[in-house]
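What follows is a single structure, written as structure tokens, with notes after it.
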Amino acid sequence: MAVVKRVLRLDENLSGFYEQAAGDPELSWATSGAGRMIRSATVFEEVIKTICTTNCAWSATTRMVSALVEHLGEKAPGAPETGPVGRAFPTPEAMVEAGEEFYKDVVRAGYRGRYMLALARSVVEGSVDLEVVDAPREELPDDELEKMLLALPGLGPYAAAHVMMMLGRYSRLILDSWTQPKYARLTGRPATEAEIVKRFSGYGSYAGLAFWLYLTRGWIEEPEDAGDTTRET
DNA sequence: CGTCCAGGTCTAC
DNA sequence: GGTAGACCTGGACGC
């Protein structure tokens, strides 16, 4: 039950965001209940998955994550013998046990394999406690949290913003090669990073969530856009 | 078949 | 502190 609550964000209170969105003609639609984004069971899983999104196509992300789950994840009773279905995301211990060749030859993670292994090792040996970053803002301010994430191997500004979103810290905008062109297409003209940040600055600690919902509004009416598997010309 | 690049990051200036 | 170059991979694209 705890995992389900976490994954579905059942405890999250977005009323503060909705109050602001209600006054924004382009986001008022979201007040009917959007924004409760599904997330992973642990911070470790969130970070590894995020590393798998960097500098590659989405198809590569799903391939890498599926390989990790299929080969290293614990199988649920009754789950198929092969394939990622019915398996949990691997523990840090299992990921350390796998060794370098697994990331190179099976996951085909390229240079990312080094980051994943380093992170898993740090967690196992105890030099890094990832789950402590899932602390309330009063204990761990956004700036401090961001610094901790940026210190992890393979995590830069994009990945830190992404993980923070998953942690319910919506202050950062996820700016990458998908979100910026997507924003430009929706508004009908190119925009600099600074202009985008300014557009959502009024949302304060919810700026990142507002930006994301603005970008993904079409996913509700046009779910086929969710994958963006082909280049939009 | 070669080049480019996709939901970036790291290192070396 | 800001910025080129390298970096795994595989699918898309031009020739």
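Note on naming: letters A, B, ... go to the chains in the order of the sequence lines (proteins, then strands), and numbering restarts at 1 for each one.
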side-chain hydrogen bond (donor to acceptor under 3.5 Å, both in side chains) with D105(A): which residues, sequence neighbours excluded?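 Scan of D105(A) (side-chain hydrogen bond (donor to acceptor under 3.5 Å, both in side chains), adjacent residues dropped) gives none.
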Euclidean distance, atom [atom1] of residue [X] to atom [atom2] of [N] [Å, nearest integer]:
X       : N       : atom1 : atom2 : result
R108(A) : dC7(C)  : CZ    : C1'   : 15 Å
L119(A) : dT9(B)  : CG    : C1'   : 14 Å
I174(A) : dG8(B)  : CD1   : P     : 11 Å
R112(A) : dG10(C) : CZ    : C1'   : 11 Å
L175(A) : dG8(B)  : CG    : C1'   : 13 Å
M64(A)  : dC7(C)  : CE    : P     : 18 Å
N55(A)  : dA6(B)  : CG    : P     : 9 Å
W58(A)  : dG7(B)  : CH2   : P     : 9 Å

Any idea which of dC7(C), dG7(B), dA6(B) is nearest the W219(A) side chain?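 Out of dC7(C), dG7(B), dA6(B), the nucleotide with an atom closest to W219(A)'s side chain is dG7(B).
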Which of the following nucleotides, dG10(C), dG7(B), dC7(C), is nearest to the side chain of Y111(A)?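 It is dC7(C).
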Distance between [atom1] atoms of [N] and [M] (Å, rounded):
N       : M       : atom1 : value
dC10(B) : dG1(C)  : C1'   : 16 Å
dT9(B)  : dG11(C) : C1'   : 22 Å
dG7(B)  : dA4(C)  : P     : 23 Å
dC7(C)  : dC4(B)  : C1'   : 15 Å

Assess the side chains of Y158(A) and T53(A): does a donor N or O sit below 3.5 Å from an acceptor N or O?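 Looking only at side-chain atoms, T53(A) and Y158(A) do form a donor-acceptor pair, the distance falling under 3.5 Å.
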Evaluate the ring planes of [X] and [Y], with Trp represented by its six-membered ring, and classify them as parallel (under 30°), tilted (30 to 60°) or perpendicular (over 60°).
X       : Y       : result
Y206(A) : F17(A)  : tilted
Y214(A) : F200(A) : perpendicular
F102(A) : H71(A)  : perpendicular

K198(A): which residues meet the salt bridge (Lys or Arg N to Asp or Glu O under 4.0 Å) condition with it, sequence neighbours left out?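 Listed in chain order: nothing, the list is empty.
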How does the hydrophobic cluster around V96(A) look, that is, which other residues are in it when side-chain heavy atoms under 4.5 Å mark a link?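 V124(A), which link up through side-chain heavy atoms under 4.5 Å apart, make up the rest of the cluster.
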Would you please confirm or rule out a distance under 4.0 Å between OP1 or OP2 of dG8(B) and any side-chain N or O of S177(A)?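 So the side chain of S177(A) is within the cut-off, an N or O lying under 4.0 Å from OP1 or OP2 of dG8(B).
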Tell me whether the side-chain N/O atoms of R63(A) come closer than 4.0 Å to OP1 or OP2 in dT9(C).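 Answer is no, no contact under 4.0 Å.
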Run the side-chain donor-acceptor check on residues 163-170 of chain A: report pairs under 3.5 Å with partners two or more places apart or on a different chain.
{"residue": "R169(A)", "atom": "NH1", "partner": "L140(A)", "partner atom": "O", "Å": "2.9"}
{"residue": "R169(A)", "atom": "NH1", "partner": "D142(A)", "partner atom": "OD1", "Å": "2.6"}
{"residue": "R169(A)", "atom": "NH2", "partner": "A135(A)", "partner atom": "O", "Å": "2.7"}
{"residue": "R169(A)", "atom": "NH2", "partner": "L140(A)", "partner atom": "O", "Å": "2.8"}
{"residue": "Y170(A)", "atom": "OH", "partner": "R9(A)", "partner atom": "NH1", "Å": "3.0"}
{"residue": "Y170(A)", "atom": "OH", "partner": "E12(A)", "partner atom": "OE2", "Å": "2.3"}

More 5' along DNA chain B: Y158(A) or A57(A), using each one's nearest nucleotide?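 In this pair, the answer is A57(A).
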Considering only heavy atoms from C-beta outward, does the side chain of K75(A) approach that of P80(A) to under 4.5 Å?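 The answer is no, as the side chains (C-beta and beyond) never meet within the 4.5 Å cut-off.
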Protein N or O to nucleotides 10-13 of chain B N or O, pairs below 3.5 Å:
{"residue": "dC10(B)", "atom": "OP1", "partner": "G154(A)", "partner atom": "N", "Å": "2.9"}

With side-chain contact (heavy atoms from CB on, under 4.5 Å) as the criterion, how do R112(A) and C56(A) come out once you've worked through the C-alpha distance, each side chain's angles and the decisive distance to 0.1 Å? CA-CA 11 Å; R112(A) 296 172 202 79; C56(A) 66; 3.4 Å; yes
Structure string for DNA chain C in dot-bracket form, Watson-Crick and G-U at under 3.5 Å, | interchain: .||||||.||||||.
Heavy atoms under 4.0 Å, any strand shown: does A159(A) hit a base, just sugar-phosphate, or nothing?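 Result for A159(A) = sugar-phosphate.
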